[in-house]
Structures are given as structure tokens and as C-alpha cells.
Amino acid sequence: MIIGGPGSGKSTLATRMGAALGLPVYHMDCEVFWLPGWQERAKDDQRRQIERIAALDAWVFEGNNSSSFSLREARADMLVWLDVPLWLRLVRVIRRSVRQNGQTRADMARDCPERLSMLPDFLWFILSTARSGRRTQGAFFDATRLMRYRLRSVSEVEAFVAGLGRCT
């Protein structure tokens, strides 16, 4: 189970973990939150999707839907919190938006392309939820029973991924 704010590297880490451990990868934005064409999935359907994925035998499931933390925790073996600096998250989101403008990311629902016109609202969301999101993630991290890793820098993420190769 991977959590962290927007731009923290959840999707990238999930993909790398899935490859290193031979596990299927699920992205909250792709499988749960968005439908094609930037249509938000109904809340009850989101919950069903989370329950369906969490019930699978094995997975790497990334996303920061805090209302589903306990549901995913009940089925997870490990929690990774990407607690990287806000400035890095903002740089990554801007870079991603510019580089992939007009393209749909692999971790996003079909026909949900990056749009520069959406960037100001997304940056405002990141800035306005940074403290509360970090507080929520930190409280969950501190209370979990899971094996847990709090990664605060690119070098810590790289060391963590390198260590995964020794797990297989």
C-alpha cells in the first residue's frame, strides 16, 4: 500500500515495486476515481472498486484516498508513505503536465489527458491540502500495524527500490 500527496511519486514507485516483486499494480486514479473523459466515478462505485481490488490475493495499490486507508490496510502487508517535500511534488506535477500535455498517463483512466488548462486548479489543490493531507497520512502511518517505510527523499526511494530486488 503506497500513500503520499500528488506528485510524490506513488504511481512510479508502484510500477517499480510491481515489477520487482512480480505483483499486479493498481492506481487509485485509474481503477477507482476517474472514468474515461475526466468523469468522476460515483462514491459508492469508488468504494466497490476499492473493495474489489483490496480483496485480491496480491497487489501493489497506490493512492491517497484516506477514506479507504483502513480497508486497504486490512489486506496489505506493507505501507510505504512517500513524504517528500512539497516543492519537489510541485516541480514534478508541473513537469509532468508540460511534458505529457495532451497525453493520457498509463496510471490514469482512458481519455483523461494531461491539460495545461487544469494545472492552476491542481496546483491550488496541492497547496491547499498539503498540511491536512500530510497530517492525515502521518497519523495513519504512526497508527498502522503494518511493516512501514517513510521515504522522504529521492535517495531514500532509490535505496528502498534497490532493496526490493533482494526480496525476490
State yes or no: do [X] and [Y] share one hydrophobic cluster built from I, L, V, M, F, W and Y residues joined by side-chain heavy-atom distances below 4.5 Å, directly or via other members?
| X | Y | value |
| --- | --- | --- |
| M78 | F69 | no |
| F125 | M118 | no |
| L151 | V154 | no |
| M108 | V60 | no |
| W124 | V98 | no |

Task: Pairs involving residues 120-129, ordered by first then second residue, that meet salt bridge (Lys or Arg N to Asp or Glu O under 4.0 Å) (sequence neighbours left out) - done: none

TODO: List the steps, then state whether side-chain contact (heavy atoms from CB on, under 4.5 Å) holds for L71 with R47.
DONE: CA-CA 10 Å; L71 176 65; R47 185 71 177 186; 4.1 Å; yes

In a table with atom names and distances, give each donor-acceptor pair under 3.5 Å that connects a side chain of residues 80-93 to protein atoms at least two apart or in another chain.
residue, atom, partner, partner atom, Å
W81, NE1, Q137, OE1, 2.7
D83, OD1, R134, NE, 2.8
D83, OD2, R134, NH2, 3.1
D83, OD2, R150, NE, 2.9
D83, OD2, R150, NH2, 2.7
R89, NE, P6, O, 2.9
R92, NH1, G7, O, 3.4
R92, NH1, S8, O, 2.8

Open item on the list: Tell me if the CG atom of D57 is crowded by more than 12 foreign heavy atoms within 6.0 Å.
Closed with: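 12 or below, so no.
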
TODO: Check the surroundings of atom CZ in R110: do more than 12 heavy atoms from other residues, nucleotides or ligands lie under 6.0 Å from it?
DONE: no

Which pairs would a plain distance check flag for residues 9-21, meaning a side-chain donor or acceptor within less than 3.5 Å of a matching protein atom at least two apart in sequence or in another chain?
residue, atom, partner, partner atom, Å
K10, NZ, G4, O, 3.0
K10, NZ, G5, O, 3.0
S11, OG, E62, OE2, 2.9
S11, OG, D107, OD2, 2.5
T15, OG1, S11, O, 3.0
R16, NH1, E158, OE2, 2.8
R16, NH2, E158, OE1, 3.0

Task: Main-chain N/O of F140 paired to T144 side chain as donor or acceptor, under 3.5 Å - done: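 Pair absent, no side-chain N/O of T144 close to backbone of F140.
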
Open item on the list: Checking the side chain of T104 only, and the main-chain atoms of C112 only, is there a donor and an acceptor separated by less than 3.5 Å?
Closed with: yes

Rounded to the nearest 0.5 Å, how far apart are [atom1] of [X] and [atom2] of [Y]?
| X | Y | atom1 | atom2 | value |
| --- | --- | --- | --- | --- |
| I94 | R99 | CD1 | CZ | 12.5 Å |
| I3 | N65 | CD1 | CG | 11.5 Å |
| R41 | D29 | CZ | CG | 11.5 Å |
| Y26 | Q49 | OH | CD | 10.5 Å |
| M28 | S68 | CE | OG | 4.0 Å |

- [ ] Report the residues that fulfil ring-ring contact (aromatic ring centres under 6.0 Å, His included) with F61, sequence neighbours left out, ordered by chain and then residue number.
- [x]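 For F61 the ring-ring contact (aromatic ring centres under 6.0 Å, His included) partners, ignoring immediate neighbours, are W59.
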
Open item on the list: Going by ring-ring contact (aromatic ring centres under 6.0 Å, His included), name the residues that satisfy it together with F122, two or more places apart in sequence or in a different chain.
Closed with: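 Applying ring-ring contact (aromatic ring centres under 6.0 Å, His included) to F122 gives none.
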
Throw together a table of side-chain donor-acceptor distances under 3.5 angstrom for residues 30-40, partners on residues two or more places apart or in other chains.
residue, atom, partner, partner atom, Å
E31, OE1, H27, N, 2.6
W38, NE1, P113, O, 3.2
Q39, NE2, G37, O, 3.4
E40, OE2, K43, NZ, 3.0

- [ ] Begin from the C-alpha positions of R72 and I50 and carry the test side-chain contact (heavy atoms from CB on, under 4.5 Å) through to its verdict.
- [x] CA-CA 8 Å; R72 292 182 285 155; I50 292 167; 4.2 Å; yes

